[in-house]
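What follows is a short report on a single structure.
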Amino acid sequence: MKGHVVMRLAPSPSGPLHLGHTRMAMLNDEYVSRYGGELILRLEDTNPANIDPEAYEMIPQDLENIGVKIHRVVIQSERMEIYYEEARRLIESGHAYVCLCKAEDMRKLKLQSIACPHRNTTPEQNEKLFDDMIGGKFTPGTATLVIRTDLFHPNPSLRDWIAFRISPAKHPRTGEKYYAFPMMNFSVAVDDHRLGLTHVLRGKDQLNNTDRQRFIFQYSNWQMPEYYHYGMISLPGEKLKTSIIRKGIRDGKYSGWDDVRLNTVRALLRRGYKPETFRRYWVESGLREIDASFSWDIFNSMNRELIDGTSLRLFFVRDPVPVLVKNGPKSRVMIPFHPEHRELGFREMHVGGSPTILIQAEDWNGMSEGSTVRLKDLYNVERSGDQLVYKQNQEFNPKTMKIIHWLPEDSGEFTVLKPDGSRDDGRIESNITLVNGTSQFERYGYVTIEKERNSALFLHR
RNA sequence: GCUCCGAUGGUGUAGACAGGUCAAGCAUAUCGGCCUUUCAAGCCGACGACUCGGGUCCAAAUCCCGAUCGGAGCACCA
């Protein structure tokens with residue numbers, strides 16, 4: 001591929017983008033920016049029953065937020081006259097006919113390679129029937145426009161396929177202006193040609209559709225773009241359908257499209273994934289036709305590499321246990337916000353004499369009587385009954401002594417919400433007022449802070 | 001069942017089109033070590049793969065055939 005390419009992203013506006021969509025978005029964007037050209041966002045809204053009006057806004061926003069540059073937006077429902085025009089042309093040349101069979105009859109006949117009674121009609125008859133069809137003279141399910149292919153084609157799904165049907169649903173954008181809508185295979189072929197696409201990258205699930213669309217290109221004497229089909233990616237865990245999520249939001253199960261538990265672009269960005277992470281991951285995955293499974297390990301590792309240098313460190317104590325430190329001296333310590341980037345500044349912590357501090361229940365329970373630990377950046381303490389005692393010997397060897405983090409007793413309450421739906425409640429260092437965005441809670445993991453909610457979203461370890 | 005596609009370590013990939021430099025590179029995960037006042041990052045090391053069987057060839061991960069396994073599609077969805 002070289003020179004000026006024209007490519008497209010063709011989602012249906014049924015909801016915002018999710019993790020799976022970012023692959024086609026990144027790959028197409030990557031090729032366009034690499035070879036120079038134009039990327040078209042084509043919203044495929046020819047099935048009125050499957051449209052979320054808000055998606056017309058959400059999809060371009062999501063793309064912008066992950067750094068995909070769109071040069072032009074095309075909405076298919078605004079191009080109905082074009083589809084009608086091309087349909088009439090194919091009827092005229094005898095490549096399409098109006099079929100009045102019931103759906104199940106048509107299916108049966110096709111499987112047996114038998115022509116239905118409507119297949120052998122004249123273009124003139126079909127023109128009239130098509131006008132009636134788009135003019136609203138048929139009820140839904142009683143008439144379709146069919147592309148005549150080959151009834152003996154070995155692949156039954158390529159035999160005489162449907163190009164137009166009547167939709168019973170009202171279209172959110174065109175209202176009741178249109179009754180007969182093109183099927184995806186028809187509008188895609190017409191638009192791929194009319195928009196001047198040079199290359200199309202799409203999933204392997206479109207393989208049969210490419211073959212169907214090929215008939216339109218042949219009948220019309222159009223040059224076909226180069227089609228590439230990459231393998232399917234299986235996302236581990238439950239894969240939520242957009243319609244289920246929408247219902248969950250309506251029922252209050254999810255806080256919105258950016259709920260921590262979701263794999264939508266908005267949720268992932270909110271948690272702290274970088275646009276560059278999506279790009280790196282998908283570019284590395286490439287265009288192989290093999291099916292693969294998505295690896296959160298690798299995805300997270302790529303993201304960690306991008307955020308680590310700027311993630312300020314803080315202490316978050318989950319399940320805090322208050323413990324008295326007997327003889328602990330009054331102290332004021334300065335701790336770097338990032339161990340390798342002192343230029344990011346220091347945070348200050350102080351405790352009074354014989355203070356009560358907060359440590360994690362897990363760490364407390366792990367301490368046996370008489371064992372010594374280092375309170376990170378503070379001092380050594382030894383367990384004695386239900387309290388800690390300041391050690392006279394403050395030398396310590398990080399190889400042999402366990403280091404735990406801690407907080408002054410008056411630290412504020414804080415919660416971390418996790419993608420699995422659980423939450424960790426605890427206390428946060430007061431210096432959180434100085435930190436924005438993605439932070440690393442030491443010995444815990446990376447999170448993205450939302451101060452106004454007094455909580456953070458868990459990103460990854 | 002039919003049509004089409006594919007097969008490299010636990011996972012993701014490079015190499016295949018133009019056979020030799022591949023006793024197979026990289027990343028991630030795991031394990032061990034170093035470093036480190038985080039269970040992070042960094043550094044070093046270990047582990048671990050060409051689905052199987054034929055064929056062509058001096059030479060096959062790479063080309064051909066078959067088997068097996070896996071996937072997608074077979075909607076008046078996109």
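Just so you know, these numbers use all the heavy atoms, side chains as well, and skip hydrogens, waters and symmetry mates. Letters A, B, ... are given to chains in the order of the sequence lines, protein chains preceding strands, and every chain is numbered from 1.
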What nucleic acid atoms does [X] come within less than 4.0 Å of, heavy atoms only: base, sugar-phosphate, or nothing?
{"X": "A:Thr144", "answer": "base"}
{"X": "A:Cys101", "answer": "base"}
{"X": "A:Met183", "answer": "sugar-phosphate"}
{"X": "A:Asn209", "answer": "base"}

[N] versus [M] - spacing of their [atom1] atoms, nearest Å:
{"N": "B:G6", "M": "B:G10", "atom1": "P", "value": "23 Å"}
{"N": "B:A60", "M": "B:C2", "atom1": "P", "value": "35 Å"}
{"N": "B:G19", "M": "B:G32", "atom1": "P", "value": "45 Å"}
{"N": "B:C44", "M": "B:G71", "atom1": "P", "value": "40 Å"}
{"N": "B:G53", "M": "B:G12", "atom1": "P", "value": "24 Å"}
{"N": "B:G48", "M": "B:C26", "atom1": "C1'", "value": "14 Å"}

> Which sits closer to the 5' end of RNA chain B, A:Gly141 or A:Asn208, going by the nucleotide each is nearest to?
Replying inline: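 Closest to the 5' end, via its nearest nucleotide, is A:Asn208.
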> On RNA chain B, nearest-nucleotide positions of A:Phe164 versus A:Asp211: which is more 5'?
Replying inline: A:Asp211
>> Strictly below 4.0 Å: does A:Thr46 bring a side-chain N or O up to OP1 or OP2 of B:A78?
In response: yes
>> Do the side chains of A:Arg318 and A:Asp425 get close enough for a salt bridge, i.e. N-O under 4.0 angstrom?
In response: no
>> Any salt bridge linking A:Lys376 with A:Glu429? Criterion: basic side-chain nitrogen under 4.0 Å from a carboxylate oxygen.
In response: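 Answer for the salt bridge query: no.
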>> Within the 4.0 Å limit for protein heavy atoms, which parts of nucleotides 10-17 of chain B are touched? Write it as a string from 5' to 3', B for base, S for sugar-phosphate only, - for none.
In response: -BBSS---
> Taking protein heavy atoms under 4.0 Å as touching, what does nucleotides 31-50 of chain B look like 5' to 3' if B marks base contact, S marks sugar-phosphate-only contact and - marks none?
Replying inline: ----S-BBBBB---------
> How does RNA chain B look in dot-bracket form if you count Watson-Crick and G-U pairs under 3.5 Å, write [ ] for pairs that cross, and put | where a base pairs with another strand?
Replying inline: (((((((..((((......[....)))).(((((.......)))))....(((((..]....))))))))))))....
